[in-house]
A.B. asks: 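Would you mind keeping the following structure in view while I ask a few things?
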Amino acid sequence: MQNVIPNLLTWYKNVHRKLPWRETSNPYYIWVSEVILQQTRVEQGREYYVKFVDKFPDVFSLARADVSEILKIWQGLGYYARARNMHFAAKQMVDLHQGNFPNDYFSIKNLRGIGDYTAAAIASFAFKQHYPAIDGNVKRVTARFYGVDLPISTPAFYKLVEKELFLAIKTTEPDIFNQAMIELGAMVCTPVNPKCEICPIQSECFAFKFDKTLELPNNPPKKKPIRKYLHFFYIEVEGHLVLQQRPSEGIWGGLNEFPCIESLGVDEIPENMMEYLGLENGSFEIVDNFEFKHLLTHQTIFAKLWHLKVNSNNNLTLKNWNLIKINDIRTFPLHKLMVKILDKLHL
Ligand code: ADE
């Protein structure tokens with residue numbers, strides 16, 4: 001790649017999108033942006049980035065925060081473990097590095113939630129260290145450029161790509177090189193209809209030369225999302241409602257929702273509902289119900305909302321649930337499906 005790197009860097013310097021995290025070499029800001037951008041489009045990521053650094057402008061403010069404040073800012077972004085890991089990592093930096101961001105690749109990688117990609121991005125953008133940042137965009141560019149046809153999610157693919165990129169990056173400015181590869185993947189070397197005619201590294205690209213951009217990278221077909229059936233219960237008790245916090249592991253970890261049970265379908269009220277909610281027969285009224293379909297990357301959720309009115313002298317067994325004022329519901333960190341349900345209920 002060495003021969004075309006000057007073209008790549010010149011192209012980047014001339015045409016790159018101006019994004020707030022590209023105007024800084026502060027490792028904290030770069031970290032925040034990279035974690036947000038891991039699973040998020042740039043336009044949406046930009047809004048969350050601005051909100052996040054406004055609320056938590058440095059390691060100390062993040063370490064001091066309550067995790068629910070962080071989840072509230074993160075609300076709607078998905079993959080909530082990212083937010084909890086950032087909180088943990090901020091506390092690690094306070095405990096182990098006096099609140100400073102560590103300044104070498106391996107110490108950065110020791111922080112919670114930081115893998116090879118994020119460590120390389122921070123080490124190169126903030127500290128100009130020569131580590132290739134290998135995300136999905138960069139994998140695609142590299143697979144096409146070098147003609148790597150191993151399946152994209154295999155360790156063998158990663159090793160080969162990493163080896164080539166280490167050789168390339170050590171000859172150049174690592175921060176600009178990594179940004180340029182990311183930008184090229186996002187703007188030119190796109191998954192479909194890549195714009196090879198304007199590509200700055202076209203002259204040495206394997207896929208362009210042999211007309212293989214459709215076949216590379218070798219991306220085996222994705223598994224179908226699994227179907228899940230969930231029942232949510234809006235239990236109204238004299239101006240209050242029952243809210244439940246999900247366990248920190250797994251989907252929507254740490255976020256709040258109405259009490260929820262899974263079933264084999266959404267048509268019927270689940271048999272174990274009364275027992276689960278601790279309600280006695282005749283002590284409540286079903287006011288309404290609605291159905292929702294919600295798409296996640298690996299799951300399609302069919303949900304049903306049951307609106308129940310319960311009188312206050314019922315022995316509702318509250319388990320670990322909270323009884324909160326109906327008007328306060330939106331102040332809690334909630335997942336997207338919950339927000340959809342609340343919108344429908346006009347809450
Ligand atoms: N996606 C991941 N990192 C990025 C960056 N630094 N700029 C633009 N998009 C990105």
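Heavy atoms only: backbone and side chains are in, while hydrogens, waters and symmetry mates are out. Sequence positions, counted from 1, serve as the residue numbers for this chain. Atoms within each ligand, like the ligands themselves, are counted from 1 in listed order.
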A.B. asks: I'd like to know if Glu47 pairs up with Arg41 as an ion pair, taking the criterion as any Lys NZ or Arg NE/NH1/NH2 lying under 4.0 Å from an Asp or Glu carboxylate oxygen.
C.D. replies: no

A.B. asks: Give one line per pair: atom of ligand 1, protein atom, distance. Only N/O to N/O under 3.5 Å.
C.D. replies:
from	atom 1	to	atom 2	distance (Å)
ligand 1	3 (N)	Glu34	OE1	2.8
ligand 1	3 (N)	Glu34	OE2	3.1
ligand 1	3 (N)	Tyr117	OH	3.1
ligand 1	6 (N)	Glu34	OE2	3.0
ligand 1	6 (N)	Gln179	OE1	3.2
ligand 1	7 (N)	Trp21	NE1	3.3
ligand 1	7 (N)	Arg22	NH2	3.3

A.B. asks: Establish, yes or no, whether the cationic atom of Lys212 lies under 6.0 Å from the six-membered ring centre of Phe210 and within 45° of the ring axis.
C.D. replies: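 So Lys212 doesn't make the cation-pi contact.
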
A.B. asks: With salt bridge (Lys or Arg N to Asp or Glu O under 4.0 Å) as the test, would you mind laying out the steps for Lys159 and Glu162 before giving the verdict?
C.D. replies: CA-CA 5 Å; Lys159 274 213 176 102; Glu162 186 182 45; over 6 Å; no

A.B. asks: Quick one: do Lys309 and Glu285 make a salt bridge, cutoff under 4.0 Å?
C.D. replies: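 No.
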
A.B. asks: How would you list all residue pairs meeting side chain to side chain donor-acceptor pair (under 3.5 Å) that involve residues 120-130, not counting sequence neighbours?
C.D. replies: Ser124-Asn178, Lys128-Asp175

A.B. asks: Indicate yes or no: does Lys18 engage Glu23 in a salt bridge with an N to O separation below 4.0 Å.
C.D. replies: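 Salt bridge: no.
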
